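Notes follow once the structure below has been shown.
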Amino acid sequence: MILVFLGPPGCGKGTQSEYLVKHKEFKHVSTGDLLRAEVKAGTDLGKQIESLLASGALVPSEIVIELLKKSLDFSRGVRLLLDGFPRTLDQALTLDKMLEDVGSSVHSVINFSISEQELYSRIAGRFSCASCGMIYHDPHMLPEKEGVCDKCHGTEFKKRSDDTAQALSERLKEFEAVTAPLKQYYQDKGILNNVDAAKSVQQIREEISVFIKS
Ligand code: AMP
């Protein structure tokens with residue numbers, strides 16, 4: 001099963017992904033995570049894209065697709081969750097072609113809709129564990145024990161370089177201009193499923209469970 005998460009930055013895609021990986025045997029592929037890993041590793045590519053990431057601008061599709069291809073596993077029976085890809089119509093067409101070549105297709109697209117105001121508040125409070133990447137929010141989703149990650153017990157936390165009001169404004173502009181039109185593309189294919197991303201984590205989780213059963 002190939003599942004695509006579509007939604008603006010901060011809408012909760014990462015949090016829902018964690019659940020699907022832990023409890024529903026999905027393999028999570030986030031192009032944002034792949035790109036950040038390059039930056040962290042200090043590769044030549046990482047150095048090239050670091051400022052793009054920090055500004056909130058999109059990275060050229062050729063680079064993203066090259067990285068993505070290395071992480072994709074289309075074997076039969078694999079449950080693949082794509083997060084942050086596709087982000088443009090061209091990327092969606094490329095994905096369809098890659099899947100067609102292996103006799104597969106996107107099964108379901110979950111569209112997270114949410115107001116801009118809510119996104120600013122979520123991004124302002126978002127931070128994650130520096131070792132395992134578990135996502136938290138101050139003050140809405142803090143670790144159970146202050147300063148200790150619930151998942152790996154790490155004690156170092158970090159904020160993303162693009163989780164600033166300025167970069168978010170850029171990312172939202174990009175999203176509206178080039179990513180939002182994908183809703184129509186997947187709607188026309190009859191595979192778009194909408195969730196109200198302002199609801200609780202648990203409510204959204206239940207809605208997604210229904211979509212991935214059908
Ligand atoms: P994300 O973690 O999905 O919010 O992505 C973080 C950043 O990575 C984005 O603001 C872009 O700069 C870059 N990025 C992630 N996915 C893509 C993509 N499919 N196409 C182009 N740039 C991407």
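This is a predicted model, so every value here is computed, not measured. Read the numbers this way: they start at 1 and go in the same order the structure lists the ligands and their atoms.
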Are any of the side-chain nitrogens in D73 or K27 under 4.0 Å away from the carboxylate oxygens of its partner?
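Judged by the 4.0 Å cut-off on N to carboxylate O distance, D73 and K27 do not form a salt bridge.
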Salt-bridged, K189 to D96, with N to O below 4.0 Å?
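Yes, this pair counts.
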Taking the minimum heavy-atom distance to atom 21 (C) of ligand 1, which of I123, V59, L82 ranks first?
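Among I123, V59, L82, the closest heavy atom to atom 21 (C) of ligand 1 belongs to V59.
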Counting each atom of ligand 1 from 1 as listed, which ones have a heavy atom of [X] under 4.0 Å away?
X: Q91; answer: 18 (C), 19 (N), 20 (N), 21 (C)
X: R36; answer: 2 (O), 6 (C)
X: F85; answer: 19 (N)

Taking it one step at a time, do Q16 and F5 satisfy side chain to side chain contact (heavy atoms under 4.5 Å, CB included)?
CA-CA 9 Å; Q16 294 299 331; F5 272 3; 3.8 Å; yes
Report the part of [X] (side chain from C-beta onward, or backbone N, CA, C, O) that has a heavy atom under 4.0 Å from ligand 1; answer both or neither where that applies.
X: E174; result: neither
X: V64; result: side chain
X: E170; result: neither
X: A57; result: backbone

Starting from [atom], which protein heavy atom do you reach first, and at what distance in Å?
atom: atom 9 (C) of ligand 1; result: R87 NH2, 3.7 Å
atom: atom 4 (O) of ligand 1; result: R160 NH2, 3.1 Å
atom: atom 14 (N) of ligand 1; result: L35 CD1, 3.4 Å
atom: atom 7 (C) of ligand 1; result: L53 CD2, 3.5 Å
atom: atom 16 (N) of ligand 1; result: T31 OG1, 2.8 Å

Quick one: closest heavy-atom pair of I114 and P8, and the distance?
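Looking at all heavy atoms of both residues, the shortest contact is CG2-CG, 4.0 Å.
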Heavy-atom closest pair, residues I110 and I208
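Here I110 and I208 meet closest at CG2-CG1, 4.1 Å.
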More than 12 foreign heavy atoms under 6.0 Å from CD of E206: is that the case here?
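It does: E206 CD has more than 12 such atoms within range.
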Within the supplied structure, the quantity of interest is the number of heavy atoms (other residues, nucleotides, ligands) at a distance under 6.0 Å from Q117 CD; does it exceed 12?
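Not more than 12 within 6.0 Å, no.
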Between the side chain of R79 and the main-chain N/O of K24, is any donor-acceptor distance below 3.5 Å?
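Yes, R79 side chain to K24 backbone: donor-acceptor pair under 3.5 Å.
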Assess whether side chain to side chain contact (heavy atoms under 4.5 Å, CB included) is satisfied between L142 and F127, documenting all intermediate values.
CA-CA 9 Å; L142 288 163; F127 64 100; 4.0 Å; yes
May I ask you to check if ligand 1 and L58 share an N or O to N or O distance below 3.5 Å?
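It does not: no N or O of L58 is found under 3.5 Å from an N or O of ligand 1.
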